[in-house]
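Before any comments, here is the structure.
As a basis for the values below, the full set of heavy atoms in this structure was taken, side chains included, without hydrogen atoms, waters or symmetry mates.
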Amino acid sequence: MKPRLSTHRNSAMTLFEVGILVAVVMILVIVFLPQIAQPRRSSKIGCVNNLKQVGLAYKIWAGDNGDVYPMGISVTNGGSMEMVATGDVRQTYLVMSNEMSTPKILYCPDDRDRTPTRSFVGLANSNISYFASADMTNDVNPQMITIGDSHFEVGGKPVKAGLNSFWTNDPVTWSPTAGHLKSGNIGLADGSVQSTTSASLQFYFQQTGLATNRLAIP
């Protein structure tokens, strides 16, 4: 009996075909990897835009209140002086609610510990990602820090909710595990927003001209 010859090709890939497959995969990685990383870049841009809007709200509010920010005006006169001095950052943003389009701008897209809200009614610290300076009462010194991401450390220890006071020369660094990871954003009295590393963050605190810094952390 004669052996039957199979007409089917061996299903194993040749070395040439393997090479083609590897090349195609590498091309796909090169094309799509930047797009995969894009959301994180977009979230940083979103955070910067949020801080710019809040900074503008400060200026508009001050324009209607003798060029003084909420932190420089008593609660009885519509400001947040006494509240921010206790570390209540929420009150400062509430008094500026008419100057802000939505409370969603108080939330950083990279903040995994908090959630955004659509209404100022019931606004809580869990909806706020940004600190407020208790010392920032006007824009006379354009280098004063007004607002910024809350995920930073002083002397290697994460700041806690409430009023945090520290010497200007104390080592200040961004958290390596939270927020933007070893980087962050701060808003200055001149209305600008600075994206900083830990080294430049220390520089900006030293530029305030203050011996100590008091920040209300949500």
(Q) Whether the S200 and Q194 side chains hold a donor-acceptor pair (N or O, under 3.5 Å, no angle test) is what I'd like checked. (A) no
Q) Quick one: do M96 and I145 end up in the same hydrophobic cluster if we chain Ile, Leu, Val, Met, Phe, Trp and Tyr together by side-chain heavy atoms under 4.5 Å apart? A) no
Q | Derivation and outcome, side-chain contact (heavy atoms from CB on, under 4.5 Å), residues V193 and L51 | A | CA-CA 7 Å; V193 175; L51 291 175; 3.8 Å; yes
Q | Evaluation steps, side-chain contact (heavy atoms from CB on, under 4.5 Å), between L106 and V54 | A | CA-CA 8 Å; L106 297 173; V54 178; 4.0 Å; yes
Q: Ignoring hydrogens and angles, tell me if any N or O in the side chain of N127 forms a donor-acceptor pair with the backbone of T115 under 3.5 Å.
A: yes
**Q.** Residues T92 and S80: side-chain donor-acceptor under 3.5 angstrom
**A.** yes
Q) So which heavy atom on S175 is nearest to which on A178, and how close? A) OG-N, 3.1 Å
(Q) Has N141 got a side-chain atom pairing as donor or acceptor with T208's backbone, closer than 3.5 angstrom? (A) yes
Q.
When you compare the side chain of N164 with that of V154, does any pair of heavy atoms fall below 4.5 Å?
A. no
**Q.** In one Ile/Leu/Val/Met/Phe/Trp/Tyr side-chain cluster, 4.5 Å: L215, L210
**A.** no
Q. Taking atom types as modelled and ignoring hydrogens, do the side chains of D190 and S192 form a donor-acceptor contact shorter than 3.5 angstrom?
A. yes
Q: Keeping the roles fixed (side chain from K182, backbone from T173), state whether a donor-acceptor pair exists under 3.5 Å.
A: no
Q | Shared hydrophobic cluster, F166 / Y204 (ILVMFWY, side-chain heavy atoms < 4.5 Å) | A | yes
**Q.** G63 backbone acceptor or donor facing N65 side chain under 3.5 Å
**A.** no
Q) M136 and M144: which non-hydrogen atoms are nearest, and at how many Å? A) SD-CB, 3.3 Å
Q) With side chains defined as the heavy atoms from C-beta onward, is the minimum distance between V75 and M83 less than 4.5 Å? A) yes
Q.
Could you tell me if the side chain of P176 sits less than 4.5 Å from the side chain of E153, heavy atoms only?
A. yes
Q | Whether W174 and F152 hold their rings parallel, tilted or perpendicular, with breakpoints at 30° and 60° | A | perpendicular
Q) Are the side chain of Q91 and the backbone of E82 linked by a donor-acceptor contact shorter than 3.5 Å? A) no
Q. Can you tell if the side chain of S195 reaches within under 4.5 Å of the side chain of V48, non-hydrogen atoms only?
A. yes
Q: Describe, in one word, how the ring planes of Y58 and Y69 are oriented to each other, choosing from parallel (under 30°), tilted (30 to 60°) and perpendicular (over 60°).
A: tilted
Q. Is there a chain of hydrophobic side chains (I, L, V, M, F, W, Y, each step under 4.5 Å between heavy atoms) that links I73 to V95?
A. yes
Q. Any side-chain donor paired with an acceptor under 3.5 Å for N213 and T168?
A. yes
Q: To the nearest 0.5 angstrom, please state how far the CE atom of M100 sits from the CD1 atom of I105.
A: 5.5 Å
Q) Any side-chain heavy atom of I147 sitting closer than 4.5 Å to one from I186? A) no
(Q) Determine whether L163 and T86 satisfy the following criterion, side-chain contact (heavy atoms from CB on, under 4.5 Å), listing intermediate values before the conclusion. (A) CA-CA 6 Å; L163 187 67; T86 66; over 6 Å; no
Q) How far apart are the closest heavy atoms of A189 and N138, and which atoms are they? A) CB-O, 4.5 Å
Q.
Determine whether a donor-acceptor pair (N or O, by modelled atom type, separation under 3.5 Å) exists between the side chain of R114 and the backbone of I128.
A. yes
Q.
On a heavy-atom basis, which atom in S101 and which in Q53 lie closest, and how many Å separate them?
A. OG-OE1, 3.8 Å
Q. Looking only at side chains, do T117 and S119 share a donor and an acceptor under 3.5 Å apart?
A. no
Q | side-chain contact (heavy atoms from CB on, under 4.5 Å) evaluation trace for H180 with C47 | A | CA-CA 10 Å; H180 301 303; C47 185; 3.4 Å; yes
Q) To the nearest 0.5 Å, what is the distance between CG (D135) and OG1 (T212)? A) 6.0 Å
Q: Without swapping roles, check the side chain of D149 against the backbone of N185 for a donor-acceptor pair under 3.5 Å.
A: yes
Q: Decide whether D111 and S129 meet the rule of one side-chain donor and one side-chain acceptor closer than 3.5 Å.
A: yes
Q. Shortest non-hydrogen contact from R214 to A85?
A. NH1-CB, 4.4 Å
(Q) Quick check on the hydrophobic clustering: are L188 and F131 connected, directly or via other members, by side-chain heavy-atom contacts under 4.5 Å? (A) yes
Q: Working to the nearest 0.5 Å, report the span between CG of D110 and CG of D113.
A: 11.5 Å
Q.
Check this for me: K52, atom NZ, are more than 12 non-hydrogen atoms of other residues, nucleotides or ligands nearer than 6.0 Å?
A. no
Q.
Donor-acceptor check, side chain of R118 to backbone of K104, threshold 3.5 angstrom: yes or no?
A. no
Q) Is the distance between the ring centroids of Y107 and Y130 less than 6.0 Å? A) no
